Structure formats: structure tokens, C-alpha cells
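Report on the following structure.
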Amino acid sequence: MRTESSNSLALERSMNLQCHIMTFEEALRHASVNDKLDDERREKMFGLMKWKFDMNIHFDKRLKKILSLEISEEIKKELLSLREEIKNFNSKFEKSFEILKSDELYYEKIDDDVRTYLINYAARCREKLRIENSIVEEKLIRENKENLSK
């Protein structure tokens, strides 16, 4: 029985490493699928928030209409106060939400860029290993041929 040469051991090690890179690449692909689903969730959330803002405008118009009716001055004063509180709250909420939305999109872009880089890097590493494996395989074939000739 022939003992293993350093070339065959190097090839085995390289092929194992290539398997690890392919696993890494697959996990990144899976993360991309999860990210796509998260993007869809985010779009729904942004749509829901737009609906909230649109409904606040609707409610404000209704309050305005009620305030134009003949009602007691005390009720009118309370409704005006409530209307201002709602406007102030909605304004502050919308500003805070837009900042958070902007931050989320910024960090999401960074995350997408890193994932894309890692996927491309893994593919380049796998290709480099494939080429190196072919070189080692060629050396092994030549080595085996020489050993058979002896």
C-alpha cells in the first residue's frame, strides 16, 4: 500500500476547505432570502405607517368640521385643545419615524453591501481553490505515473 504524499494531503485539505467555503456561500445565499422577506415586511410596515398618517389627516378634517358646528364654547375649547395635541403628537411622531426609517434603510444598505461582498468573495475563493486543486491533481497524476514507471 502506497503512503500518502504531501501533494495528496494538500489536495484533500484544499478540497475540504472548498466544501467549507461552499457551505459559507450557501449560508450567505440563505441570508439573502431572509433579507428579501425582511424587506417585504418593512415595505408593509411603511405602508401601514402611511395609512396612519393619512387617517390622522382624515380625523383632523372631521374634528375641524365638528368645531365649525354650533356647540358650547367649553366643548369647542376642549376640542380645539385636543386637535392641537393630536397635531403636535403626529408631527413629533412623524419626524421620529422618518429618522428611524432613514436609519433602518441606511443600516440595511450596509448589511446588503457586506453580504454581497461576502458572496462574491466566497465565489472567488472557491474558484481559486478549484484552480489550485487542478494543479495539485496534475502533480499527483504525474507523480503516480513516475512511480509506476519505476
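Note: hydrogens, waters and symmetry copies are ignored here, and every other heavy atom, side chains too, is used. One is the number of the first residue; the rest follow in order along the sequence. Quick caveat, the model's predicted, so the values are computed rather than measured.
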Are the side chains of [X] and [Y] in touch, meaning some heavy atoms are under 4.5 Å apart?
X      : Y      : value
Tyr121 : Arg124 : yes
Glu84  : Lys87  : yes
Val136 : Ser14  : no
Asp38  : Glu108 : yes

Point-to-point distance, once rounded to the nearest 0.5 Å, from [atom1] of [X] to [atom2] of [Y]:
X      : Y      : atom1 : atom2 : answer
Cys125 : Leu118 : SG    : CG    : 10.0 Å
Leu100 : Met49  : CG    : CE    : 9.5 Å
Asp54  : Trp51  : CG    : CH2   : 10.0 Å
Thr116 : Asp111 : OG1   : CG    : 9.0 Å

Would you indicate whether [X], at its atom [atom1], is surrounded by more than 12 heavy atoms from other residues, nucleotides or ligands within a distance under 6.0 Å?
X      : atom1 : answer
Lys101 : NZ    : yes
Lys52  : NZ    : yes
Met22  : CE    : no

So that I can tick it off, tell me whether [Y] and [X] are bridged by a salt bridge, with the cut-off set at under 4.0 angstrom between side-chain N and carboxylate O.
X      : Y      : value
Glu143 : Lys139 : no
Arg29  : Glu26  : yes
Arg130 : Glu127 : yes
Arg115 : Asp112 : yes

(message) Which residues pass the salt bridge (Lys or Arg N to Asp or Glu O under 4.0 Å) test with Glu104, not counting sequence neighbours?
(response)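 So Glu104 forms a salt bridge (Lys or Arg N to Asp or Glu O under 4.0 Å) with Arg41, Arg42.
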
(message) Which residues pass the ring-ring contact (aromatic ring centres under 6.0 Å, His included) test with Phe93, not counting sequence neighbours?
(response)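 ring-ring contact (aromatic ring centres under 6.0 Å, His included) list for Phe93, sorted by chain: Phe89.
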
(request) Please check if Ile75 and Leu82 belong to a single hydrophobic cluster, counting links between Ile, Leu, Val, Met, Phe, Trp and Tyr side chain heavy atoms closer than 4.5 Å. (result)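 Linked within one cluster.
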
(message) Quick check: is Met15 connected to Leu17 through a chain of hydrophobic side chains (ILVMFWY, heavy atoms under 4.5 Å apart)?
(response)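 No, Leu17 does not connect to Met15 through the hydrophobic network.
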
Side-chain ([X]) to main-chain ([Y]) donor-acceptor, under 3.5 angstrom:
X      : Y      : result
Ser102 : Glu98  : no
Asp35  : Ala31  : no
Ser149 : Lys145 : yes
Lys76  : Ile71  : no

(message) So, applying side chain to side chain donor-acceptor pair (under 3.5 Å) with Arg126, which one of Glu25, His20, Gln18 is it?
(response)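 Of Glu25, His20, Gln18, side chain to side chain donor-acceptor pair (under 3.5 Å) with Arg126 is met by Glu25 alone.
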
(request) For Leu105 and Phe46, work out which heavy atoms get closest and say how close. (result)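 Taking every non-hydrogen atom into account, CD2-CE1, 4.1 Å.
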
Residues 57-65, side-chain donor-acceptor partners within the protein, below 3.5 Å, at least two apart:
from, atom 1, to, atom 2, distance (Å)
Asp60, OD1, Arg83, NE, 2.8
Asp60, OD2, Arg83, NH2, 3.4

(request) In sequence, state the C-alpha distance, the side-chain angles, and the governing distance for Glu40 and Lys44, and then conclude on salt bridge (charged side-chain N to carboxylate O under 4.0 Å, His left out). (result) CA-CA 6 Å; Glu40 290 172 9; Lys44 286 179 184 177; over 6 Å; no

